[in-house]
Number of protein chains: 2
Amino acid sequence: MNITSIIAAIPLFEGLTQQQCESLGAIAVRRNYSRQQSLFSEGDESNGFYIILTGKVKIFKLSPEGKEQILHIMGPGEPFGEAAVFAGEHFPASARTLAESKVLFFPRLSFVALITKNPSLSLNMLAFLSRRLRRLTSLVEDLSLKEVPGRFAAYLLYSGKHKNDPDVIELGISKNQLAGLLGTIPETLSRILKRMSQEKFIKAGVRHIQILDREGLRELSEGRRRLS
Amino acid sequence: MNITSIIAAIPLFEGLTQQQCESLGAIAVRRNYSRQQSLFSEGDESNGFYIILTGKVKIFKLSPEGKEQILHIMGPGEPFGEAAVFAGEHFPASARTLAESKVLFFPRLSFVALITKNPSLSLNMLAFLSRRLRRLTSLVEDLSLKEVPGRFAAYLLYSGKHKNDPDVIELGISKNQLAGLLGTIPETLSRILKRMSQEKFIKAGVRHIQILDREGLRELSEGRRRLS
DNA sequence: GTTGCGCCTTGACTTAAGTCAAACTTCAAT
DNA sequence: ATTGAAGTTTGACTTAAGTCAAGGCGCAAC
């Protein structure tokens with residue numbers, strides 16, 4: 001498929017002219033990764049950023065003892081690694097595919113040259129960074145001010161990962177990875193799943209969670225209630 | 001003092017021409033706040049962003065039970081509230097002065113108009129947002145992967161709040177506020193201060209902390225060692 | 001099919017850090 | 001200097017969640 005039309009369909013590049021998309025296409029590099037492949041590691045020198053075309057990539061931090069905190073899971077259309085382009089030289093976290101993935105890579109220097117000439121591109125980029133900042137803020141809030149059941153309830157309510165039925169959440173990742181995203185460990189998540197099922201907040205399947213008591217989950221997520 | 005020269009001295013506006021600084025000056029509004037005054041609260045509608053001239057402002061989240069997580073403490077020259085200008089309509093956190101403060105306020109619409117015409121201003125803004133993102137990433141890492149002594153050790157090593165002697169940290173905020181910044185509560189911080197003093201990592205004063213064993217602190221912050 | 005390897009669950013135990021309550025210190029304002 | 005409020009410390013207690021270890025489940029490959 002033609003790279004210009006691929007680029008025109010990416011949210012970050014919304015509103016750009018055909019010609020601007022062509023200049024972006026001229027500097028973009030396609031890359032393919034298999035499952036469980038590392039794109040970069042924390043501390044690596046940054047020479048550009050990525051946009052996912054297909055697949056799934058996690059951005060994460062590892063503790064020396066091996067615990068993993070996932071900062072974000074990126075899907076098709078989402079950019080990552082941009083902050084390192086504008087701020088510093090090295091990546092503050094690591095990136096690894098969770099599934100076979102195709103991405104576009106934009107080399108740093110050529111991209112910075114383009115962005116200085118395209119006000120709407122830089123405004124788009126500012127909007128994306130700002131939204132990322134907001135999400136991280138909410139992760140900090142969860143980690144610091146909520147208990148694990150509250151974090152999980154918030155995830156169910158606001159992750160937007162439902163299919164047709166708004167009450168059925170498609171996890172799309174393993175419960176191990178979900179634990180890492182919630183800032184906990186698989187054992188704890190498993191126990192909470194069990195308790196929340198017993199208390200009829202949810203019905204937990206292998207790959208889906210069904211919401212039974214939306215209001216109850218809201219109370220849990222806001223700390224107005226706790227599991228007994 | 002003349003507003004154009006004030007603006008020219010602000011890091012966010014570095015590299016702008018005299019004329020560009022004048023247009024910024026034309027839209028900026030000076031505001032003064034006394035101690036412990038709220039600038040905005042989480043959820044408020046955003047109509048612009050701020051830059052501190054003098055004083056100190058904390059950006060924070062509150063849990064329903066009243067625990068406070070400080071996201072950042074801003075000092076002179078630092079902008080805040082910008083993310084809401086580019087991403088959404090409402091502030092994701094609250095802001096309150098920790099001391100009497102003078103700030104510049106930039107109304108949203110006029111500023112967005114200016115930034116579309118000034119590539120170097122938008123690059124500066126991108127750099128600031130990216131750095132903010134990096135700091136939040138590191139806060140997430142601390143909260144999720146480190147214990148409180150490790151967070152505090154990292155704060156001592158990397159906050160950059162030393163005066164002449166690089167081994168003496170000027171806190172500049174109350175220990176209550178520091179606890180909020182580290183994602184804990186005053187009692188816990190107090191106990192850790194005591195233990196770290198007993199074990200000769202630091203010497204704790206009212207307003208300063210003296211570093212006695214830098215390497216030990218590094219080991220604590222990286223999880224290679226723990227308090228006994 | 002059967003084998004094997006991740007993924008997931010469960011139980012028993014440990015522990016870091018929070019809660020509650022009381023007392024002490026500091027400091028700004030009268 | 002006196003007062004009072006805020007900041008800080010300490011002790012006793014509770015608890016959420018992590019660790020360790022064992023066993024079960026499920027899917028993919030042979």
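The sequence lines fix the lettering, A, B, ..., with proteins before strands; numbering per chain opens at 1. Keep in mind that what you see is a predicted model, and the values were worked out from it rather than measured.
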Subject >> Touch class at under 4.0 angstrom, heavy-atom based, for A/V206 against every strand present >> reply: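 Answer is nothing: A/V206 stays at 4.0 Å or more from every strand.
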
Original post:
Which is true for B/R226 with a 4.0 Å heavy-atom rule: it touches a base, it touches only sugar-phosphate, or it touches nothing?
Top reply: sugar-phosphate

**OP:** Assign each of B/P186 and A/R191 to its nearest nucleotide of DNA chain D by heavy atoms, then name whichever residue's nucleotide is nearer the 5' end.
**Re:** B/P186

To the nearest angstrom, how far is [X] atom [atom1] from [N] atom [atom2]?
{"X": "B/L193", "N": "C/dT25", "atom1": "CG", "atom2": "C1'", "value": "15 Å"}
{"X": "B/E65", "N": "C/dA17", "atom1": "CD", "atom2": "P", "value": "19 Å"}
{"X": "B/E187", "N": "C/dA23", "atom1": "CD", "atom2": "P", "value": "16 Å"}
{"X": "B/L182", "N": "C/dA16", "atom1": "CG", "atom2": "C1'", "value": "15 Å"}
{"X": "A/D142", "N": "D/dA16", "atom1": "CG", "atom2": "P", "value": "18 Å"}
{"X": "B/R35", "N": "D/dA5", "atom1": "CZ", "atom2": "P", "value": "16 Å"}
{"X": "B/K67", "N": "D/dA16", "atom1": "NZ", "atom2": "P", "value": "14 Å"}
{"X": "A/N176", "N": "C/dC7", "atom1": "CG", "atom2": "P", "value": "6 Å"}

Original post:
Is there a donor on the side chain of B/R195 or the base of D/dT9 sitting less than 3.5 Å from an acceptor on the other?
Top reply: no

Closest nucleotide among [options] to the [X] side chain:
{"X": "A/K175", "options": "C/dG18, D/dT19, C/dT9", "answer": "C/dT9"}
{"X": "A/S190", "options": "C/dT19, C/dA17, C/dT10", "answer": "C/dT10"}
{"X": "B/S174", "options": "D/dT8, C/dG18, C/dT10", "answer": "D/dT8"}
{"X": "A/T188", "options": "C/dG18, C/dT9, D/dG18", "answer": "D/dG18"}
{"X": "B/V148", "options": "C/dA17, D/dG18, C/dT19", "answer": "C/dA17"}

Would you call [X] and [Y] a salt bridge, using N to O less than 4.0 angstrom?
{"X": "A/E141", "Y": "B/K61", "answer": "yes"}
{"X": "A/K200", "Y": "A/D213", "answer": "no"}
{"X": "B/K67", "Y": "B/E65", "answer": "no"}

**OP:** Go through B/S34 and B/Q37 one step at a time and tell me if the side-chain hydrogen bond (donor to acceptor under 3.5 Å, both in side chains) criterion holds.
**Re:** CA-CA 6 Å; B/S34 52; B/Q37 224 186 330; 3.3 Å; yes

Subject >> B/R207 vs C/dC27: side-chain N/O to OP1/OP2 distance below 4.0 Å >> reply: yes

**OP:** Output the distance between atom OG (B/S144) and atom CZ (A/F60), rounded to the nearest 0.5 Å.
**Re:**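 Going from the OG atom of B/S144 to the CZ atom of A/F60 covers 13.0 Å.
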
